[in-house]
Amino acid sequence: MKTIIQFSKLKTPCYILFLTLGLVLHNCKNGNNQAQKTKVEIATKPNVVIIYLDDLGYGDLSCYGATELQTPNIDKLANEGVRFTNGYATSATCTPSRYGILTGIYPWRNADAKILPGTAPLLISTDQFTLPKLFKSQGYNTGIVGKWHLGLGHGDVDWNAHISPGPNEVGFDYSYIMAATQDRVPTVFIEDGDVVGLDPKDPIEVDYNKNFEGQPTGLNNPELTTMKWHHGHNNSIVNGIPRIGFMKGGESAKWKDEDMADHFLEKAQSYVKEHKDNPFFLYYALQQPHVPRTPHPRFVGKSGMGPRGDVILEADWVIGEFMKTLKEEGVLENTLVIFSSDNGPVLNDGYYDDAVEKIGNHDPKGGLRGGKYSLFEAGTKVPFITYWKGTITPHVSDALVCQIDLMASLANLLKADVKTADSQDVLSAFLGKSDKARASLIIEANTRTALREGDWLMIPAYKGNGFLEDVQIETGISQEYQLYNLKNDRGQKNNLTKSNPEKLKELVSHFKDIRGDAHSNIQNIELK
């Protein structure tokens, strides 16, 4: 439709009309320019993706020296990004590390930051500042796909109603998660607070203390299991796998373990496709290689090391497919990808799955000492890679960095004013522009802490078990102080407390300055 203005019938003088029209056109042009400017500004904000694996060891990848496993897709990130040789999770177990990476706070500051059951209340306060809240404050859409394990609700969750608070209440616009771990009930996916595929006529019941009448368990009904439990995993049976905790109902909502990797991949890919036109932050938390290890049939037997090796290869493939999606959707060169693991490796963590028997010459620890649950290096020193095509120059860095540093560093990237106590701004190291980062770091395993500083690791004297029989891992606990020079002794074979008492005193003093006495059970031993 054309609009015709008949000037002869207008009472307003023509020069005023033309002036008004001119102003309108000028304002429209300025508005368009401003809109275009805003659109350009939004488009230039980098997307950020954290790819977080579960129980992946420092030596589990070929880019970190593994010879028995080849991980070409993760290697590509390492070879074209920054591969850190001194990258750390905060903790040697999953819940504390996940708390640390999302809050930028040492988990030992929170007495409840321990391995949580599937029925635990939300660990992160809804008032707490988090990584997703940082990105939301800068106009980003935020999403999580995968493992959560930070608690849900207030500890009395009705799984048949909307579940809150959860990821959406601590900053995520979109969440598609499992509540805890693959070996814990409830074995269902939760999307934005609602169990996926739930039949209201078959409600879910969950209990971590007692079984429901008539429900089979791995302990009492081993003939119903397809995976034999070794320790601790002998409660409710789902898909032939005995779990931790008891569950009844929700049959239509239960996941298929062997499809989990593909399922989470599809959700992560869909998130990218739906949000590619605006800046986004995605926390993509894979379940591999945590138990139960259930590779898709495409990967069964592929590694020759049993299910643990197979799921590492599966994870590598999944990451390759996800990176293809970033490229195909045109956002690869505007996306910073951060890759790491929540803690170090463990072979037998509750099931007989040939992880020990078929390990061969592979060393998941990469020459380090300890493993998951341990204060020794293999507990918290993990693969840590940053990749940004066209921005990061390939580099191997010895800089000391930690996952809690993502808060302060990404705040700097976004030019956001964020004050942090524990998180340090090491953006230059993350971008490969500097090999200088942290001077020291507190690491944690099962509430006990130690100090990593310079080339040194100091472990205070603790009461407790120095060796976990079930998982065959040294915990690093000793009733004597321990001091190691990691530059000369990466396997931590030589305790230097007696030969270097001055260094020990120095590090103990630094440790106490940072750590204080919060939740501490350090042995009171006088240093001479």
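The model shown is predicted, which means the values in this text are computed figures rather than measured ones.
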Is a donor on one side and an acceptor on the other found under 3.5 Å between the side chain of [X] and the backbone of [Y]?
X: Lys487; Y: Trp456; answer: no
X: Trp317; Y: Gly320; answer: no
X: Trp229; Y: Gly218; answer: yes
X: Tyr462; Y: Thr449; answer: yes
X: Asn110; Y: Asp112; answer: yes
X: Thr225; Y: Pro222; answer: yes
X: Thr130; Y: Leu102; answer: no
X: Thr226; Y: Gly240; answer: yes
X: Asp354; Y: Lys358; answer: no
X: Tyr52; Y: Ile338; answer: no

What's the separation between atom [atom1] in [X] and atom [atom2] in [Y], rounded to the nearest 0.5 Å?
X: Ile385; Y: Ser397; atom1: CD1; atom2: OG; result: 12.5 Å
X: Ser91; Y: Trp108; atom1: OG; atom2: CH2; result: 11.0 Å
X: Lys228; Y: His233; atom1: NZ; atom2: NE2; result: 15.5 Å
X: Ile237; Y: Leu224; atom1: CD1; atom2: CG; result: 5.0 Å
X: Trp159; Y: Asp194; atom1: CH2; atom2: CG; result: 12.0 Å

Strictly by modelled atom types, are [X] and [Y] linked by a side-chain donor-acceptor pair under 3.5 Å?
X: Gln128; Y: Tyr99; result: yes
X: Tyr484; Y: Gln482; result: yes
X: Arg452; Y: Asn86; result: yes
X: His263; Y: Tyr176; result: yes
X: Thr126; Y: Glu169; result: no
X: Asp192; Y: Asn168; result: yes
X: Glu444; Y: Thr90; result: no

With a 4.5 Å cut-off on side-chain heavy atoms, are [Y] and [X] touching?
X: Tyr387; Y: Leu332; result: yes
X: Ile124; Y: Thr103; result: yes
X: Leu441; Y: Ile443; result: yes
X: Val346; Y: Ile473; result: yes
X: Phe339; Y: Thr386; result: no
X: Met247; Y: Ile204; result: yes
X: Thr475; Y: Leu468; result: yes
X: Asn79; Y: Pro394; result: no

Query - For Phe264, all residues meeting ring-ring contact (aromatic ring centres under 6.0 Å, His included), sequence neighbours excluded - result: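 In terms of ring-ring contact (aromatic ring centres under 6.0 Å, His included), with neighbours along the sequence ignored, Phe264 is linked to Phe189.
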
Test of ring centre spacing under 6.0 Å for [X] and [Y]:
X: Phe511; Y: Tyr481; answer: no
X: His230; Y: Tyr351; answer: no
X: Phe322; Y: Tyr284; answer: yes

Query raised in the report: For atom CG of Asn488, is the number of surrounding heavy atoms from other residues, nucleotides or ligands below 6.0 Å larger than 12?
Result: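 For Asn488, atom CG is crowded (more than 12 foreign heavy atoms under 6.0 Å).
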
**Report entry** Over 12 non-hydrogen atoms of neighbours within 6.0 angstrom of NZ in Lys133
**Finding:** yes

Below 3.5 Å, can you tabulate the donor-acceptor pairs from side chains in residues 65-73 to any protein atom, sequence neighbours excluded?
residue: Thr71; atom: OG1; partner: Ser62; partner atom: N; Å: 3.1
residue: Thr71; atom: OG1; partner: Ser62; partner atom: OG; Å: 3.0
residue: Thr71; atom: OG1; partner: Asp75; partner atom: OD1; Å: 3.1
residue: Asn73; atom: ND2; partner: Asp316; partner atom: O; Å: 3.1
residue: Asn73; atom: ND2; partner: Asp316; partner atom: OD2; Å: 3.1

Looking at [X] and [Y], what are the two nearest heavy atoms and their distance?
X: Pro383; Y: Ser340; result: O-OG, 2.8 Å
X: Asn234; Y: Pro242; result: CA-CB, 4.1 Å
X: His362; Y: Asp60; result: NE2-OD1, 2.7 Å
X: Pro345; Y: Ala378; result: CD-O, 3.6 Å
X: Val382; Y: Leu56; result: CG1-O, 4.3 Å

**Report entry** Carboxylate-amine/guanidinium proximity below 4.0 Å for Asp489 and Lys493
**Finding:** no

Query raised in the report: Are any of the side-chain nitrogens in Arg308 or Asp353 under 4.0 Å away from the carboxylate oxygens of its partner?
Result: no

With sequence neighbours excluded, what pairs up with [X] under the side chain to side chain donor-acceptor pair (under 3.5 Å) test?
X: His290; value: none
X: Asp310; value: Ser303
X: Tyr58; value: none
X: Lys254; value: Glu251

By side-chain contact (heavy atoms from CB on, under 4.5 Å) - contacts of [X] (at least two apart):
X: Val300; result: Pro295
X: Gln182; result: Met178, Arg243, Trp255, Asp257, Met260, Gln287, Pro292, Thr294
X: Lys324; result: Glu321, Glu328
X: Asp363; result: Lys365

Query raised in the report: Could you give all pairs that pass the salt bridge (Lys or Arg N to Asp or Glu O under 4.0 Å) test and reach residues 91-105, with sequence neighbours left out?
Result: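 Sorted pair list: Asp54-Arg98, Arg98-Asp342.
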
Query raised in the report: Can you pull the salt bridge (Lys or Arg N to Asp or Glu O under 4.0 Å) pairs that have at least one residue in residues 367-380, sequence neighbours excluded?
Result: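 Of all non-adjacent pairs touching residues 367-380, those that pass salt bridge (Lys or Arg N to Asp or Glu O under 4.0 Å) are Asp55-Lys372, Asp349-Lys372, Arg369-Glu474, Glu377-Lys381.
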
Query raised in the report: Would Arg83 count as a cation-pi partner of Tyr64, with NZ or CZ less than 6.0 Å from the six-membered ring centre and within 45° of the ring normal?
Result: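 Yes, a cation-pi geometry holds between Arg83 and Tyr64.
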
**Report entry** salt bridge (Lys or Arg N to Asp or Glu O under 4.0 Å) partner of Asp262, the single match among Lys256, Lys267, Arg298
**Finding:**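 When salt bridge (Lys or Arg N to Asp or Glu O under 4.0 Å) is applied between Asp262 and each of Lys256, Lys267, Arg298, only Arg298 qualifies.
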
